[in-house]
Colleague: 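Have a look at the structure that comes next, please.
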2 protein chains.
Amino acid sequence: MNVQTLCLGALTLGEASGYEIKKLFEDGPFAYFYHASYGSIYPALSMLLENELITMRQEEQDGRPDKKVYAITPKGSGVLGRKLKKAPAPDKIRSEAMLMFFLADHLDASHLDEVFEGYLEAYRDKLDYVNRPDDGEWPPHCQFVKGLGQAFYRTAIRYMEENRHLLFSSIDQGEKR
Amino acid sequence: MNVQTLCLGALTLGEASGYEIKKLFEDGPFAYFYHASYGSIYPALSMLLENELITMRQEEQDGRPDKKVYAITPKGSGVLGRKLKKAPAPDKIRSEAMLMFFLADHLDASHLDEVFEGYLEAYRDKLDYVNRPDDGEWPPHCQFVKGLGQAFYRTAIRYMEENRHLLFSSIDQGEKR
DNA sequence: ACCGGCATGTAACGGGTTACATGATTTT
DNA sequence: AAAATCATGTAACCCGTTACATGCCGGT
């Protein structure tokens, strides 16, 4: 499963530009379970277009650069369907922050504090974002995914607030905060 | 932050072979926040050895292949310390299972069911694993990380059990189960 | 005047995974 | 008899990120 499949999946939600697809992974509902950058999305869309799995329509905008709006074709739907028939690969996570917490005894207290607060803040932001009243009103199976994201965020925030002492107890010897 | 840094971090927990380091990411405490394969770990260890950030000792075993036991050097500790001074990159997650749930309306019910049960089962296994009575008795900051992993697993399991219907409601039209 | 957002794209580079290669021993 | 565990390693390949390149508009 690569970014091409991902774009195909994103386009089943409706037509979109590369820029808009990127935002799905930045803020949108995909944000907590997948990532992709422009450098992978744009070439993926070109490929998909070439293979007629999607179509493109140039949209003029006033005061904005032109937009290339892509839409999935029946052929694209077929390909996506076949890719989704396989068993999913196990989740892959890489959290540098967690690694830092795990190696907290090698960090000085002030830096650990910065990392901790930054990480916690990031989770609060994500939760705020996902808690906004729904714009697009999702079908139940998308709510399932969104809800799991929320549950994760809440869990992380509560846990971090309640167990902060565990992280800092190893290296508390009278430093700031 | 690459696999070299990761190996250095792993070796701060005590000396270990490449094989043992791999297991830290498979079952061990690293499992829920980082991944690495042999194809990256072994070359990383070679590099670290070459740069004298770690040392190696060949250990003979009866009825087993020889083992190369690595240990971090002071130089290695220094390098690790410097890498940990930087701000952590944001978490990167890719969950094909979640993507499938998000696109559940493109899957047939039996496959969705398989994926769902498999994913839930995987979480139960991970929770069982992490719930085992501690072998190595970790310091508090490692308990913090381990505890957050447990909290995540429990959250996922409970949520999936309680919200199964959301996922299947879109495509329920009298199929098996 | 400058920054952030909108909008698309490319090229080099880095990095990790997959698959292969080998082989003994223990468990099922 | 087969499969899993222990144990190390290599090479080709895939793929994605980073950084660069471009440009207009609106807000501060």
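All chains are named by letter (A, B, ...) in the order of the sequence lines, taking the proteins before the strands, and each is independently numbered beginning at 1. Only heavy atoms go into these numbers, but all of them, side chains included; no hydrogens, no water, no symmetry mates.
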Colleague: How long is the span from the CZ atom in B/R154 to the OH atom in B/Y123, to the nearest 0.5 Å?
Modeller: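 Answer for the CZ-OH pair, B/R154 versus B/Y123, is 14.0 Å.
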
Colleague: Whole angstrom is fine here: how far is it from CD in A/E20 over to P in C/dC6?
Modeller: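 Atom-to-atom, A/E20 to C/dC6, this comes out as 10 Å.
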
Colleague: Under 4.0 Å, heavy atoms only, any strand: does B/S17 hit a base, just the sugar-phosphate, or nothing?
Modeller: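 The answer is sugar-phosphate, as B/S17 gets under 4.0 Å only of primed atoms, P, OP1 or OP2.
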
Colleague: Take the protein atom OH of A/Y70 and the nucleotide atom P of C/dG9, then report the distance between them rounded to whole Å.
Modeller: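 After rounding, the gap between these two atoms is 5 Å.
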
Colleague: Using atom NZ of B/K22 as one end and atom P of C/dG16 as the other, report the distance to the nearest whole Å.
Modeller: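 It is 14 Å, rounded to the nearest whole Å.
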
Colleague: Specify the separation, in whole Å, of atom OH of B/Y34 and atom P of C/dT17.
Modeller: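 It is 10 Å, rounded to the nearest whole Å.
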
Colleague: Does B/Y34 form a side chain to side chain contact (heavy atoms under 4.5 Å, CB included) with A/E96? I'd like the steps, not just the answer.
Modeller: CA-CA 8 Å; B/Y34 238 100; A/E96 294 194 358; 4.0 Å; yes

Colleague: Return the CG to SG distance between A/L167 and B/C142, rounded to the nearest 0.5 Å.
Modeller: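 Answer for the CG-SG pair, A/L167 versus B/C142, is 9.5 Å.
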
Colleague: What's the closest nucleotide to the A/K67 side chain, out of C/dT10, C/dA7, D/dG16?
Modeller: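 My answer, after comparing the listed nucleotides, is C/dA7.
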
Colleague: Decide, yes or no, whether a salt bridge links B/E117 with B/R164 under the criterion of side-chain N to carboxylate O below 4.0 Å.
Modeller: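 Looking at B/R164 together with B/E117, the answer is yes, because their closest N to O distance falls below 4.0 Å.
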
Colleague: Side chain to side chain donor-acceptor pair (under 3.5 Å), that's the test. Do B/S110 and B/D113 meet it? Break it down for me.
Modeller: CA-CA 5 Å; B/S110 66; B/D113 186 72; over 6 Å; no

Colleague: Rounded to whole angstrom units, what separation is found between the CG atom of B/L45 and the C1' atom of D/dT10?
Modeller: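 Distance, rounded to whole Å: 15 Å.
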
Colleague: What is the distance from OH of A/Y19 to P of C/dG4, rounded to the nearest Å?
Modeller: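 In whole Å, C/dG4 P lies 13 Å from A/Y19 OH.
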
Colleague: Map A/Q4 and B/K23 onto DNA chain D by nearest heavy atom, then report which one ends up closer to the 5' terminus.
Modeller: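 The residue mapped nearer the 5' terminus is B/K23.
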
Colleague: Would you kindly give the CZ-to-P distance between B/F25 and C/dG16, to the nearest whole Å?
Modeller: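 Rounded to whole Å, this separation is 11 Å.
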
Colleague: Within the distance-only criterion (no hydrogens, no angle test), does the side chain of B/N2 pair as donor or acceptor with the backbone N or O of B/Q4 below 3.5 angstrom?
Modeller: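 At least one qualifying donor-acceptor pair exists.
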
Colleague: Would A/E121 and A/R124 pass as an ion pair if we require N to O under 4.0 Å?
Modeller: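 Answer for the salt bridge query: yes.
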
Colleague: Between B/N2 and A/P43, who's closer to the 5' end of DNA chain C by nearest nucleotide?
Modeller: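 Result of the comparison: A/P43.
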
Colleague: Report the distance from atom OH of B/Y42 to atom P of D/dA7, rounded to the nearest whole Å.
Modeller: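 For the pair B/Y42 OH and D/dA7 P, the rounded distance is 9 Å.
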
Colleague: Pull out every protein N or O sitting under 3.5 Å from an N or O of nucleotides 17-20 of chain D, one pair per line with the distance.
Modeller:
from   : atom 1 : to    : atom 2 : distance (Å)
D/dT17 : OP2    : A/S37 : N      : 3.2
D/dT17 : OP2    : A/S37 : OG     : 2.8
D/dT17 : OP2    : A/S40 : OG     : 3.1

